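A quick note: this is a predicted structure, and the numbers were derived from the prediction, not measured. For this chain, numbers begin at 1 and follow the sequence in order. Atoms within each ligand, like the ligands themselves, are counted from 1 in listed order.
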Amino acid sequence: MNMLRTDASSANPARQSCCARSALDLDASFCEECGKPLYRCMAHAECGGLLDEGDMCPVCVNLELSLNAGAASSVREGGKLALPLTIRNASNVGRPLFITGLWITENDGPPRELKLPFARIEPQQTANVAVRTEILKYAGVHQVDLLIAVSTRYQWRQEEYVFSSNIIFPVEPKDPGGPATTINVNAQEVGAGFTVYNPTRIEADRSAGAPPQIEPLRLSHKRADAAERDYHKRGLDNGIRVPRDVELVWRGFSPDEAPFDGPIVKASGMLIAGRNSRRAGNDICLRVGEGLDELSLSISRLLFSLYIESGAFKLRAEGQYGLKVNDRQLKRTETMTLKSGDVIRPVVKAPSALSISVAFEIEHDDVRRIILTRESAK
Ligand SMILES: [Zn+2]
Ligand SMILES: [Zn+2]
């Protein structure tokens, strides 16, 4: 596959390919070669991708950033710089990418959000935006940091990520009549991860008869997990994150009512709960007592699904009669983020008949285990 990856998943392409091969068998939960659990992308049916260590599918989320350097002109103290940014969806599997936010930070000032005239970028397509700086108050080397929030969607689900890109550019002194001195900075001096953009130099080369720079200047970018937290793109509002490999622990269920303790390794990434038995295809069988009494029959066969999305533990109501979480009634297709302390109540007309409480075990800011405890009145 022809992919440019910016994350740790590229570190071990051999493992990546054995797992990708194993994941083609939708009944497989673990790689048959290396034994690792298979965390398929939510859109695996379309992309065949697996999530990397950062819970991202590098097949679906494959963006390239560049500056259209052909549009360069000199930049001086007292002026502004328009960065001709091009965002390309480099996915080669036909998955659109959505740009959900763009922020610019100049010389450690506060971030400014930029309005984008587009959100959706089709695969292999590009979108352009001129990112304008504020007035450049002094000559010398300036730094601009861009944060770009992107999302990938599948059915009703959405995963969001934030990337950062750092650009260094020199600003010439004010004197409009004076020659541009073309301050030089290079990547070795500013360090890895930064891109040096020198529009004055490009303009000077062009005036001197050098062939115009046609190739866009590629910007390096990396995942910005702290920004994902700060901008509430991943995880809960309090900064806690639920990683895709979180272990679910089932308490108070009989062995034929719940899956083994462990992470969700089903191909769909979703566990289905309801009155139906596990033999009938449910992952969690919800009944009040032993048999199918009247209260149990009021629970939909498929009542809700559970899955991890954008660093949060989510519940989606699937049954036509709905269910309650705490005191809130959810209708079919409604989703909500579950937090530690929440109580799922499957029997709407008798909420105390059956409950599943949710408790998080947290290490640093990551949820390591989610304890789901069933209690029934019978
Ligand atoms: Zn493997
Ligand atoms: Zn994918």
Side-chain angles (χ1 to χ4, degrees), residues 1-65 87-100 119-127 148-163 221-225 228 233-235 241-247 262-271 305 307-312 314 316 335:
M1 274 184 277
N2 167 31
M3 282 182 291
L4 185 107
R5 290 174 182 160
T6 55
D7 54 76
S9 71
S10 57
N12 193 342
R15 177 172 90 65
Q16 195 68 20
S17 62
C18 71
C19 295
R21 256 195 320 278
S22 293
L24 294 175
D25 172 5
L26 295 183
D27 292 328
S29 300
F30 297 88
C31 176
E32 62 175 23
E33 290 178 48
C34 72
K36 297 242 180 198
L38 298 171
Y39 300 116
R40 293 172 179 84
C41 172
M42 62 181 174
H44 184 265
E46 292 180 6
C47 70
L50 293 172
L51 302 182
D52 64 18
E53 286 82 348
D55 286 356
M56 190 187 85
C57 172
V59 185
C60 286
V61 182
N62 186 355
L63 76 162
E64 288 174 4
L65 303 176
I87 307 172
R88 177 166 182 266
N89 175 3
S91 173
N92 50 19
V93 292
R95 301 263 306 135
L97 192 66
F98 298 84
I99 309 297
T100 56
R120 179 186 174 114
I121 307 179
E122 298 297 336
Q124 303 296 323
Q125 299 298 306
T126 58
I148 299 179
V150 306
S151 74
T152 174
R153 297 173 187 170
Y154 185 70
Q155 297 171 344
W156 71 90
R157 296 170 67 186
Q158 165 166 293
E159 291 282 346
E160 297 201 273
Y161 306 95
V162 178
F163 293 91
H221 62 281
K222 55 184 182 297
R223 270 288 286 285
D225 58 335
E228 288 172 349
K233 294 297 183 183
R234 293 185 73 75
R241 276 187 312 203
V242 183
R244 180 63 182 77
D245 63 356
V246 68
E247 188 186 0
I264 302 175
V265 284
K266 276 179 66 187
S268 66
M270 293 195 299
L271 297 179
S305 51
Y307 52 98
I308 313 296
E309 177 182 87
S310 287
K314 298 267 187 167
R316 183 183 198 247
T335 61

Undergrad: Knowing that exactly one of E159, E309, E160 qualifies, which makes a salt bridge (charged side-chain N to carboxylate O under 4.0 Å, His left out) with R234?
TA: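 With R234 as partner, E159, E309, E160 yield a single salt bridge (charged side-chain N to carboxylate O under 4.0 Å, His left out), made by E159.
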Undergrad: Counting C-beta onward and ignoring hydrogens, is there a side-chain heavy-atom pair between M42 and Q155 closer than 4.5 Å?
TA: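 SC-SC contact between M42 and Q155 ruled out.
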Undergrad: Roughly, to 10 degrees, what angle do C18 atom SG and C19 atom SG form around the Zn ion (ligand 1)?
TA: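 An angle of 120° at the metal.
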Undergrad: Output the distance between atom SG (C19) and atom CD (E33), rounded to the nearest 0.5 Å.
TA: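 So the gap between those two atoms works out to 8.5 Å.
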Undergrad: Take the Zn ion (ligand 2) as the centre and count protein N, O or S atoms at distances under 2.8 Å.
TA: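 Counting protein N, O and S atoms closer than 2.8 Å to the Zn ion (ligand 2) gives 4.
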Undergrad: Keeping the roles fixed (side chain from R223, backbone from G54), state whether a donor-acceptor pair exists under 3.5 Å.
TA: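 Here the side-chain-to-backbone pair exists.
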Undergrad: Run the numbers on D55 and Y39 for side-chain contact (heavy atoms from CB on, under 4.5 Å), then give the verdict.
TA: CA-CA 8 Å; D55 286 356; Y39 300 116; over 6 Å; no
Undergrad: For E247, give me all partners under salt bridge (charged side-chain N to carboxylate O under 4.0 Å, His left out), at least two apart in sequence or on another chain.
TA: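 Per chain and number, E247 pairs via salt bridge (charged side-chain N to carboxylate O under 4.0 Å, His left out) with no residue.
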